[in-house]
Protein chains: 4
Amino acid sequence: MDERKWLFDLLNVEEQQLSEKQLNILQAAIEMFAEKGYAATSTSEIAKRAGVAEGTIFRHYKTKKDLLLAIVKPTLFQSVAPFLAKKFVKDVFENEYEHYEQFVRAVFKNRYEFVKTYLPAIRVLWQEMAFHSDIKVQFQTIFINHVYDKFKQIVEHFQQKGELALLPPETIIRLTITTIAGFLATRFLIMPDYPWDDEQEMERTIQFLMNGLKA
Amino acid sequence: MDERKWLFDLLNVEEQQLSEKQLNILQAAIEMFAEKGYAATSTSEIAKRAGVAEGTIFRHYKTKKDLLLAIVKPTLFQSVAPFLAKKFVKDVFENEYEHYEQFVRAVFKNRYEFVKTYLPAIRVLWQEMAFHSDIKVQFQTIFINHVYDKFKQIVEHFQQKGELALLPPETIIRLTITTIAGFLATRFLIMPDYPWDDEQEMERTIQFLMNGLKA
Amino acid sequence: MDERKWLFDLLNVEEQQLSEKQLNILQAAIEMFAEKGYAATSTSEIAKRAGVAEGTIFRHYKTKKDLLLAIVKPTLFQSVAPFLAKKFVKDVFENEYEHYEQFVRAVFKNRYEFVKTYLPAIRVLWQEMAFHSDIKVQFQTIFINHVYDKFKQIVEHFQQKGELALLPPETIIRLTITTIAGFLATRFLIMPDYPWDDEQEMERTIQFLMNGLKA
Amino acid sequence: MDERKWLFDLLNVEEQQLSEKQLNILQAAIEMFAEKGYAATSTSEIAKRAGVAEGTIFRHYKTKKDLLLAIVKPTLFQSVAPFLAKKFVKDVFENEYEHYEQFVRAVFKNRYEFVKTYLPAIRVLWQEMAFHSDIKVQFQTIFINHVYDKFKQIVEHFQQKGELALLPPETIIRLTITTIAGFLATRFLIMPDYPWDDEQEMERTIQFLMNGLKA
DNA sequence: TATGAATGAGTTTTCATTCAT
DNA sequence: CATGAATGAAAACTCATTCAT
């Protein structure tokens with residue numbers, strides 16, 4: 001099951017920890033939830049696509065909602081993964097990234113790969129967050145505790161270096177994320193069939209962002 | 001039912017055209033679809049919230065999907081409404097808007113009010129577009145036929161005037177929309193409870209956009 | 001539906017209050033719960049026997065347990081009905097019943113008819129009381145509040161008249177009920193097929209009881 | 001497993017004949033069947049409470065019903081055990097019991113201890129007898145073949161001695177059993193929490209019975 | 001036109017039983 | 001012997017839709 005490396009990476013588990021059937025179930029669920037939405041997907045459809053009996057799903061996940069969470073929680077963590085790394089901020093301060101642009105480039109590239117790799121799971125996370133307040137709350141908690149604070153330090157660091165406009169850090173963070181996420185959403189969700197030149201369009205997006213934010 | 005003016009505006013109908021019960025049904029459906037999603041909302045719940053019998057819904061809308069479309073279609077049209085106006089491009093060319101910034105300001109303000117007014121219906125449109133390809137196709141068709149062409153003319157107009165960077169128009173359109181939509185999404189969907197100073201944050205957003213796009 | 005008078009009497013409702021289908025459901029449920037027990041009876045079986053769709057059951061009774069309670073609660077009240085009557089004790093004290101034997105005879109006859117008429121519903125009540133503590137608690141509450149107190153007054157009344165042994169009233173009550181219930185259980189539950197001469201056996205049972213309890 | 005002597009006694013086996021796991025299964029099954037009823041208890045619950053794997057139950061008992069019978073059959077035999085003893089009737093006739101009262105006292109005491117010791121198993125027997133006609137038939141067969149005949153001889157013996165009223169022996173048997181069973185049911189099933197003085201109440205019950213039955 | 005009882009196909013979930021390890 | 005993953009049939013329950021009133 002080499003071509004399933006992405007699933008192990010997403011779930012952050014070793015190969016031995018999940019049986020073949022469990023993987024089939026998870027993959028089928030991710031695909032169908034992404035396509036039709038959680039509420040519109042029946043467990044019998046998932047079982048059929050996964051090639052298991054319906055009862056098998058409920059042996060591994062007590063309820064359908066548990067199955068959703070088994071997909072959504074890892075995806076949620078991976079969504080903000082770079083910021084969860086201990087050494088991340090240190091990298092910025094100790095001149096790993098000399099300019100905000102380098103930092104943005106690194107994040108952008110990293111998240112581009114992330115979205116490209118895990119697109120269906122990410123769709124599920126974003127779509128269902130709108131309907132399940134427990135997921136939304138978890139996301140907000142993680143964002144505030146692990147992303148926002150670090151991001152703010154970085155922004156203030158580059159503001160002091162005179163690289164960034166003296167806007168409130170929240171605004172700079174919002175514009176940065178919005179610009180990157182805007183590209184990724186357009187590229188992968190809204191117009192995935194458009195003949196994108198990813199390199200060039202990302203370059204343009206970064207230029208736009210840096211011009212927009214420079215002091 | 002004065003406080004229901006928004007519904008008439010959204011649906012683009014006169015007061016007499018819809019009975020009280022129909023309005024109740026539509027409003028209940030918008031609210032519940034926005035909160036729980038179309039698939040997770042039962043017609044009996046809608047009937048209860050609307051204060052009508054279950055059968056009454058099906059007297060007005062042959063199927064549940066028809067009820068969704070009765071909400072989604074007008075919302076879809078209103079979403080791109082400014083660009084549907086005949087005189088819209090003429091306004092730009094005949095110096096109604098002397099600068100791209102004025103144009104952006106006008107669109108931004110207009111869409112801000114739109115989102116603020118029709119938020120639940122817009123949620124429904126965006127959430128369900130992901131699951132119903134027919135809605136997505138309609139949206140793309142309208143966008144390409146009525147928004148993209150006009151927007152492109154405008155962008156090229158201001159590029160020729162030397163106001164905008166010589167990026168591909170598609171890129172400028174994307175960055176403009178992304179920046180505006182990014183604010184509105186953050187403001188109304190992702191962090192509606194944050195203590196926003198809308199005026200100021202929109203001003204900052206416009207400055208960012210203009211700096212990012214200037215020649 | 002004349003032959004369904006017993007159901008109306010048991011439920012203590014008028015004919016118009018329950019639809020034909022509801023009656024079918026209740027009757028089918030009583031019969032099947034009595035035969036196979038609540039837990040071993042499926043709602044689909046009940047639906048089939050009642051000649052309705054399975055969904056119809058759940059339109060009238062939100063859960064299977066609700067259906068059980070719709071049977072059990074009225075039966076529980078009818079079980080202690082004589083003692084719930086306001087004038088019951090007065091009848092005894094004002095020489096309606098001159099002797100304890102007359103009182104016992106009246107109760108015995110009354111309960112005999114009751115069990116004979118509502119046997120299946122009574123089976124359900126007694127069988128399920130063992131498994132559903134909520135039902136058991138209700139029964140005990142009603143017994144203590146409405147039966148025990150009145151019964152005690154009556155016993156003490158006849159003890160003072162010198163008719164009854166000076167045992168603790170609880171003991172006399174227990175022996176009286178046990179003797180009557182013992183006959184009814186043997187007659188209707190344990191050996192319903194034995195060729196009983198009900199009149200004579202009840203007479204003997206009363207003689208036994210009076211001899212056993214006399215001062 | 002000394003405190004499990006009761007189980008060996010009930011099942012009438014030696015310690016070596018049953019493995020630890022089998023005992024766990026039987027005990028768990030008795031407890032749960034008594035609490036929730038056979039039909040409402042799942043084999044997985046039993047396995048969990050017994051601390052064994054689900055499959056292990058089915059290794060020892062081919063079906064769930066077999067497990068029930070493994071509990072119910074020994075209990076059924078123990079229920080009528082005194083009458084199964086060969087020398088039982090002889091004891092009575094050869095003046096082991098000079099009076100019916102002595103006989104009743106012996107039976108009463110013996111069955112009191114029996115119910116006290118095996119209460120949960122007895123609950124299971126009585127509850128499920130109502131739903132499984134095969135169990136009921138077995139019980140009736142044993143009762144008629146082994147209990148009734150002997151009991152009748154004894155009753156007639158004491159009638160001839162002039163100790164007992166000249167009622168039909170069946171009636172005397174019924175009243176005797178009903179009176180004893182009525183006490184035990186009230187004492188252990190219906191009002192187990194009442195502050196019983198067992199000695200005294202049993203004494204009163206015997207006095208009542210003897211008075212009721214005396215010639 | 002509005003109602004709401006009735007439907008039956010479909011949903012999630014449970015469970016006794018099997019079987020490869 | 002013991003295990004526990006897997007099964008599929010059946011359970012309780014839901015729901016969009018119909019139709020007689």
Side-chain angles (χ1 to χ4, degrees), chain A residues 19-22 24-25 39-48 50-67, chain B residues 19-22 24-25 38-48 50-68, chain C residues 19-22 24-25 38-48 50-67, chain D residues 19-22 24-25 38-48 50-67:
Chain A
S19 71
E20 185 66 21
K21 306 231 170 209
Q22 260 193 85
N24 288 338
I25 291 168
T41 303
S42 74
T43 50
S44 81
E45 285 173 296
I46 296 171
K48 207 174 289 166
V52 302
E54 208 169 344
T56 306
I57 293 176
F58 288 92
R59 169 159 282 279
H60 292 289
Y61 306 95
K62 257 159 57 128
T63 66
K64 192 187 168 194
K65 179 85 182 257
D66 281 351
L67 174 56
Chain B
S19 71
E20 185 66 21
K21 305 225 172 216
Q22 261 194 83
N24 287 339
I25 291 168
Y38 168 77
T41 303
S42 72
T43 49
S44 82
E45 284 174 296
I46 296 170
K48 203 175 291 165
V52 303
E54 286 204 57
T56 307
I57 292 176
F58 290 90
R59 183 150 294 281
H60 292 287
Y61 307 94
K62 266 201 337 194
T63 67
K64 192 187 170 193
K65 179 84 184 259
D66 282 351
L67 174 56
L68 174 64
Chain C
S19 71
E20 185 66 22
K21 306 231 171 208
Q22 261 194 83
N24 288 338
I25 291 168
Y38 168 76
T41 303
S42 74
T43 49
S44 82
E45 285 173 295
I46 296 171
K48 208 172 288 166
V52 302
E54 206 170 345
T56 306
I57 292 176
F58 289 93
R59 169 159 283 280
H60 291 289
Y61 307 95
K62 255 156 63 123
T63 65
K64 192 187 167 193
K65 178 85 184 258
D66 280 353
L67 174 56
Chain D
S19 71
E20 185 65 22
K21 304 224 173 218
Q22 262 195 84
N24 288 338
I25 290 168
Y38 167 76
T41 303
S42 72
T43 49
S44 83
E45 283 175 295
I46 296 170
K48 204 175 291 163
V52 303
E54 286 204 56
T56 307
I57 293 175
F58 289 90
R59 184 151 291 282
H60 292 287
Y61 306 96
K62 264 202 339 193
T63 67
K64 192 187 168 193
K65 179 84 184 260
D66 282 351
L67 174 56

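Chain letters run A, B, ... following the sequence lines, proteins first and then strands; every chain starts at 1.
- In C:K62, the NZ atom is not crowded: 12 or fewer heavy atoms of neighbouring residues, nucleotides or ligands sit closer than 6.0 Å.
- Here D:F58 pairs with D:T43 under the side-chain contact (heavy atoms from CB on, under 4.5 Å) rule; sequence neighbours left out.
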Pairs under 3.5 angstrom, nitrogen or oxygen only, protein versus nucleotides 13-15 of chain F, please.
residue	atom	partner	partner atom	Å
F:dC13	OP2	C:K64	N	2.8

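- The CD1 atom of C:I57 lies 8.5 Å from the OG atom of C:S44; values are rounded to the nearest 0.5 Å.
- More than 12 non-hydrogen atoms from other residues, nucleotides or ligands lie less than 6.0 angstrom from NZ of A:K65.
- Checked against side-chain contact (heavy atoms from CB on, under 4.5 Å), B:A39 has the following partners two or more places apart in sequence or in another chain: A:A39, A:A40.
- Here CG of A:L67 is found 10.0 Å from CD of A:Q22. Values are rounded to the nearest 0.5 Å.
- Legend: residues meeting side-chain contact (heavy atoms from CB on, under 4.5 Å) with D:A53, ordered by chain and number and at least two apart, are D:T56.
- Once you apply a 4.0 Å limit to the heavy atoms of chain A, the touched nucleotides of DNA chain E run 5' to 3' over E:dT11 to E:dT14.
- The residue among D:V52 and A:S19 whose nearest nucleotide of DNA chain F is located toward the 5' end is D:V52.
- Rounding to the nearest 0.5 Å gives a distance of 5.0 Å between NZ of B:K64 and OH of B:Y38.
- Counting heavy atoms from C-beta on, the side chains of A:E20 and A:N24 come closer than 4.5 Å.
- If you take NZ of D:K21 and P of F:dC1, they are 12 Å apart, rounded to a whole angstrom.
- Here the CD-CZ distance, from D:E54 to D:R59, works out to 14.0 Å after rounding to the nearest 0.5 Å.
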Secondary-structure string, 5' to 3', Watson-Crick or G-U under 3.5 Å, | for another-strand partners, for DNA chain E: .||||||||||||||||||||

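- A straight line from CZ of C:R59 to C1' of F:dA16 spans 12 Å, rounded to a whole angstrom.
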